[in-house]
Amino acid sequence: MLDIIVLFFLLKKIGIIAKEKGVSSIKWKILVVLFWFLFEGFGIDIALAWNGFGEIKNVIQLTNIIFANPGIVLFGYFCAFGGYLLIRYLLERRPNQQEQ
């Protein structure tokens, strides 16, 4: 739930930057959402493997592991923010609307 709240505010920021650049803000917001969840999933996978949980057989086992180790989810949030930063970097590299 926390990630959805943070993502909402980050999407507003991406929309502002996209308007300054003169590009479609919807496209960049969709990219942020996709990369956010993609990087969050990768982060959780990396954290699970790093902690030695290589073979998870069902959702109940995964839930128990995550409740016992909340750092796994926090690492996933950290990686998700990296996905946002990647898209923001790509957007900020584009020239502004006045410079074109």
When rounded to the nearest 0.5 angstrom, what is the spacing between CG in N51 and CZ in F75?
10.0 Å
Side chains of Y77 and L2, heavy atoms from C-beta outward: is any pair under 4.5 Å?
yes
Spacing of CZ belonging to F42 relative to CZ belonging to F35, to within rounding of 0.5 Å
9.5 Å
Is the closest side-chain heavy-atom distance between I72 and W50 below 4.5 Å?
no
Hydrophobic cluster membership, with links at side-chain heavy-atom distances under 4.5 Å among I/L/V/M/F/W/Y: are L90 and L10 in one?
yes
Quick one: CD1 on I56 to CG on N64, what's the gap to the nearest 0.5 Å?
10.5 Å
Does any part of the side chain of I4, heavy atoms only, come nearer than 4.5 Å to the side chain of F8, both counted from C-beta?
no
Supply the atom-to-atom distance C79 SG to D45 CG, rounded to the nearest 0.5 angstrom.
10.0 Å
Check: V23 and L91 side chains under 4.5 Å, non-hydrogen atoms
yes
Could you give the distance from NZ (K12) to OG (S25), rounded to the nearest 0.5 Å?
13.0 Å
L11/W28 under side chain to side chain contact (heavy atoms under 4.5 Å, CB included): CA gap, chis, key distance, verdict:
CA-CA 9 Å; L11 288 176; W28 288 96; over 6 Å; no
Check: F81 ring centroid to Y84 ring centroid under 6.0 Å
yes
According to a 4.5 Å side-chain heavy-atom criterion applied to Ile, Leu, Val, Met, Phe, Trp and Tyr, with indirect links allowed, do I44 and I65 form part of one hydrophobic cluster?
yes
Please examine the side chains of I14 and L31, heavy atoms only from C-beta on, and report whether any two atoms are closer than 4.5 Å.
no
Mind checking whether I66 and V59 sit in one hydrophobic cluster, side chains of I, L, V, M, F, W, Y counted as touching below 4.5 Å?
no
Go through the steps for E92 and R94 under the test salt bridge (Lys or Arg N to Asp or Glu O under 4.0 Å), then give the verdict.
CA-CA 5 Å; E92 287 179 343; R94 297 179 64 92; over 6 Å; no
Dump the intermediate steps for side chain to side chain contact (heavy atoms under 4.5 Å, CB included) on K29 and V32, then the final yes or no.
CA-CA 5 Å; K29 287 179 181 182; V32 168; 5.6 Å; no
According to a 4.5 Å side-chain heavy-atom criterion applied to Ile, Leu, Val, Met, Phe, Trp and Tyr, with indirect links allowed, do V33 and F78 form part of one hydrophobic cluster?
no
Side chains of Q61 and N58, heavy atoms from C-beta outward: is any pair under 4.5 Å?
yes
Same apolar cluster (I L V M F W Y, side chains within < 4.5 Å links), L38/L85:
yes
Do V6 and W36 have side-chain heavy atoms sitting under 4.5 Å apart?
yes
From E20 atom CD to N96 atom CG, the distance as rounded to the nearest 0.5 Å
6.5 Å
Taking the side chain as everything from C-beta on, heavy atoms only, tell me whether L62 gets closer than 4.5 Å to L48.
yes
